[in-house]
Participant: 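The structure is given below, and queries will be raised subsequently.
The chain is numbered in sequence order, starting from 1. Just the heavy atoms: all of them, side chains too, but no hydrogens, waters or symmetry mates, feed the values below. This structure is a prediction, so every number in the text was calculated from the model and none was measured.
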Amino acid sequence: MTHGQTPARVVVLISGSGSNLQAIIDAVAAGEIPAQICAVISNKADAYGLERAKNAGIETQVLDHKAFESREDYDAALGELIDSFSPNCVVLAGFMRILSAGLVQKFKGKMLNIHPSLLPKYQGLNTHQRALDANDKVHGVSVHFVTEELDGGPVIVQAQVPIEDGDTAQSLAQKVHAQEHIIYPLVVKWFSEQRLTMEDNYAVLDNNTLPSQGADLNAFLGS
């Protein structure tokens, strides 16, 4: 962040335990991300991630999807709620809802998501079991910009984990989670430093168009 630049304003959307939220909170607190988390919004009142946010002094909001008649009605209300915090960046951290086109368009180029597979492989659910069933040798996680195609936006970075004999969906999930907590804060940092943008349907980092699998993670870890 250049001297005098105001911190990026980030809103995080969750549905569950919020472990990725915690990784981002910790990175902001450590001064690694030049951002302020303005709010954490959940569609579930019992999401543990709300407690994580409260413990960090971050405003929380619950917007229950069951209180709305349609996805469009919910997403319109959600869009207004997100907008009320004037965010530069909207981070989906285990937000278990498919977003309507209108909401995605509203925050196009500002909305990030993390998906537990090496996209474009295994869009959707049950990614760890699907990787095992396919006898893959590597699995992993992707951070990408959100577009109207489910899990289909431009990939920013991926982290790989080996699939070893005896791995289960649960053990793979643990390996992947460990990588998620490294790469998601890294991407939020890039975005907050205004080094990362989405142009047309590409991710651009430091003025370089990224390849389809995203940036080379090894070039940034330890740098």
Participant: Does Leu99 share a hydrophobic cluster with Leu63, counting links as ILVMFWY side-chain heavy atoms below 4.5 Å and allowing steps through other members?
Facilitator: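 Per the 4.5 Å side-chain linkage, Leu99 and Leu63 are co-clustered.
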Participant: Could you go through the side chain to side chain contact (heavy atoms under 4.5 Å, CB included) check for Gln174 and His177 one step at a time?
Facilitator: CA-CA 5 Å; Gln174 288 175 331; His177 274 146; 5.5 Å; no
Participant: Between the side chain of Asp200 and the main-chain N/O of Tyr202, is any donor-acceptor distance below 3.5 Å?
Facilitator: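 Pair absent, no side-chain N/O of Asp200 close to backbone of Tyr202.
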Participant: To the nearest 0.5 Å, what is the distance between CD1 (Ile14) and CG (Leu92)?
Facilitator: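 Between Ile14 CD1 and Leu92 CG, I get 11.5 Å after rounding to 0.5 Å.
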Participant: Report yes if some heavy atom in the side chain of Leu78 is under 4.5 Å from a heavy atom in the side chain of Phe95; otherwise report no.
Facilitator: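 Yes, close enough: below the 4.5 Å cut-off.
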Participant: Can you name the closest pair of heavy atoms from Thr147 and Gly152 and give their distance?
Facilitator: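 Smallest heavy-atom distance, with atoms named: OG1-C, 3.8 Å.
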Participant: Would you give the length of the straight line joining atom CD1 of Ile163 to atom CG of Asp136, rounded to the nearest 0.5 angstrom?
Facilitator: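 Result: 5.0 Å between the selected atoms.
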Participant: Going from CG on Leu205 to CZ on Arg195, what distance comes out if it is rounded to the nearest 0.5 angstrom?
Facilitator: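 Going from the CG atom of Leu205 to the CZ atom of Arg195 covers 5.5 Å.
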Participant: In terms of hydrophobic clusters joined by side-chain contacts under 4.5 Å, are Val161 and Leu119 together?
Facilitator: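 No; tracing contacts between hydrophobic side chains, which count when under 4.5 Å, never links both residues.
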Participant: Check Phe145 against Leu196 and note the closest heavy-atom contact, atom names and distance.
Facilitator: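 In terms of heavy atoms, the two residues are closest at CZ-CG, 3.8 Å.
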Participant: Other members of the hydrophobic cluster containing Leu150, with the 4.5 Å side-chain heavy-atom rule, please.
Facilitator: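 Noted: Leu150 shares its cluster with Ile98.
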Participant: Mind listing the closest non-hydrogen atom pair of Ala159 and Leu217 along with its distance?
Facilitator: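 Closest heavy-atom pair between Ala159 and Leu217: CB-CD2, 3.7 Å.
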Participant: Would you give the length of the straight line joining atom CG of Leu186 to atom CZ of Phe191, rounded to the nearest 0.5 angstrom?
Facilitator: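 The distance works out to 14.0 Å.
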Participant: Are Leu132 and Val176 joined in one hydrophobic group, where the rule is that I, L, V, M, F, W and Y side chains link up if heavy atoms are under 4.5 Å apart?
Facilitator: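 Cluster IDs for Leu132 and Val176 match.
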Participant: Taking atom CD of Glu164 and atom NZ of Lys175, what is their separation to the nearest 0.5 Å?
Facilitator: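 Output value for this atom pair is 3.5 Å.
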Participant: Where is the tightest heavy-atom contact between Lys44 and Ser15, given as atom of each residue plus distance?
Facilitator: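 Result for this residue pair: CD-O, 3.6 Å.
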Participant: Mark yes or no for whether Arg130, through its side chain, and Gln123, through its backbone, hold a donor-acceptor pair below 3.5 Å.
Facilitator: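 A pair under 3.5 Å: yes.
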Participant: Quick one: does Thr127's side chain have a donor or acceptor within less than 3.5 Å of a partner on Pro116's backbone?
Facilitator: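 Pair found, side chain donor or acceptor close to backbone of Pro116.
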Participant: Just wondering, are more than 12 heavy atoms of other shown residues or ligands nearer than 6.0 Å to CG in Asn55?
Facilitator: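 Count over threshold, so yes.
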Participant: Of all residues at least two apart in sequence or in a different chain, which pass the ring pair (Phe, Tyr, Trp, His ring centres under 6.0 Å) check with His139?
Facilitator: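 Counting only residues at least two positions away or on another chain, His139 forms a ring pair (Phe, Tyr, Trp, His ring centres under 6.0 Å) with His128.
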Participant: Please name the pair of heavy atoms, one in Asn43 and one in Arg97, separated by the smallest distance, quoted to 0.1 Å.
Facilitator: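 So the two residues come closest at ND2-CD, 3.5 Å.
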Participant: Should the heavy atoms of other residues, nucleotides or ligands under 6.0 Å from CD of Glu69 be counted, would the total exceed 12?
Facilitator: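 Check fails, neighbour count at 12 or below.
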Participant: Is a side-chain N or O of Ser192 found less than 3.5 angstrom from the main chain of Val188, in a donor-acceptor match?
Facilitator: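 Yes: the side chain of Ser192 pairs with the backbone of Val188.
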Participant: Using modelled atom types only, decide if a donor and an acceptor are shared between the side chain of Asp75 and the backbone of Leu103 within a distance under 3.5 Å.
Facilitator: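 Side chain of Asp75 to backbone of Leu103, a donor-acceptor pair under 3.5 Å: no, none is there.
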Participant: Counting only pairs under 3.5 Å, give me each side-chain donor-acceptor contact of residues 82-91, with atom names and distances, residues two or more places apart or in other chains.
Facilitator:
unit_1 : atom_1 : unit_2 : atom_2 : d
Asp83  : OD2    : Lys106 : NZ     : 3.0
Ser84  : OG     : Leu81  : O      : 2.6
Asn88  : OD1    : Arg9   : N      : 2.5

Participant: Please check: side-chain N/O of Ser42 versus main-chain N/O of Ala47, any donor-acceptor pairing under 3.5 Å?
Facilitator: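 Here the side-chain-to-backbone pair does not exist.
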Participant: Scan the side chains in residues 21-35 for donor-acceptor partners under 3.5 Å anywhere in the protein, sequence neighbours excluded, and list what turns up.
Facilitator:
unit_1 : atom_1 : unit_2 : atom_2 : d
Gln22  : OE1    : Arg52  : NH1    : 3.3
Gln22  : NE2    : Asp26  : OD1    : 2.9

Participant: Walk me through it: do Val40 and Glu59 pass the test side chain to side chain contact (heavy atoms under 4.5 Å, CB included)?
Facilitator: CA-CA 6 Å; Val40 172; Glu59 181 173 343; over 6 Å; no
Participant: Are Trp190 and Ile156 close enough that some pair of their side-chain heavy atoms sits under 4.5 Å apart?
Facilitator: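 The answer is yes, as the side chains (C-beta and beyond) meet within the 4.5 Å cut-off.
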Participant: Ser212 and Val155: which non-hydrogen atoms are nearest, and at how many Å?
Facilitator: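 In terms of heavy atoms, the two residues are closest at O-CB, 3.4 Å.
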Participant: Under 4.5 Å side-chain heavy-atom separation, chaining through any Ile, Leu, Val, Met, Phe, Trp or Tyr, what else clusters with Val138? Say none if it is isolated.
Facilitator: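 Via sub-4.5 Å side-chain contacts, Val138 links to Leu118.
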Participant: Does Val12 form a side chain to side chain contact (heavy atoms under 4.5 Å, CB included) with Ile58? I'd like the steps, not just the answer.
Facilitator: CA-CA 10 Å; Val12 184; Ile58 297 166; over 6 Å; no
Participant: For the hydrophobic clusters of this structure (ILVMFWY residues joined by side-chain heavy atoms under 4.5 Å, transitively), does one cluster hold both Val10 and Ile114?
Facilitator: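 Cluster IDs for Val10 and Ile114 match.
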Participant: Listed by chain and number, what are the ring pair (Phe, Tyr, Trp, His ring centres under 6.0 Å) partners of Phe68, not counting sequence neighbours?
Facilitator: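 Scan of Phe68 (ring pair (Phe, Tyr, Trp, His ring centres under 6.0 Å), adjacent residues dropped) gives Tyr74.
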Participant: Ignoring hydrogens and geometry, is there a side-chain-to-backbone donor-acceptor pair from Gln179 to Gln160 under 3.5 Å?
Facilitator: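 Between the backbone of Gln160 and the side chain of Gln179 there is no qualifying donor-acceptor contact (under 3.5 Å).
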Participant: Distance from Glu180 atom CD to Ile182 atom CD1, nearest 0.5 Å?
Facilitator: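 Glu180 atom CD to Ile182 atom CD1 measures 10.5 Å (nearest 0.5 Å).
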Participant: Taking Val143 as the starting point, is it possible to reach Leu221 by hopping between hydrophobic residues whose side chains are less than 4.5 Å apart?
Facilitator: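 Yes, it is one cluster - the side chains of Leu221 and Val143 are joined through contacts under 4.5 Å.
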Participant: Please confirm whether the backbone N or O of Pro7 pairs with a side-chain atom of Gln36, one donor and one acceptor, at under 3.5 Å?
Facilitator: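 Not at all, since once roles are kept as given, no pair shorter than 3.5 Å links the two residues.
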Participant: If you count heavy atoms of other groups shown closer than 6.0 angstrom to CG of Asn207, is the number above 12?
Facilitator: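 No.
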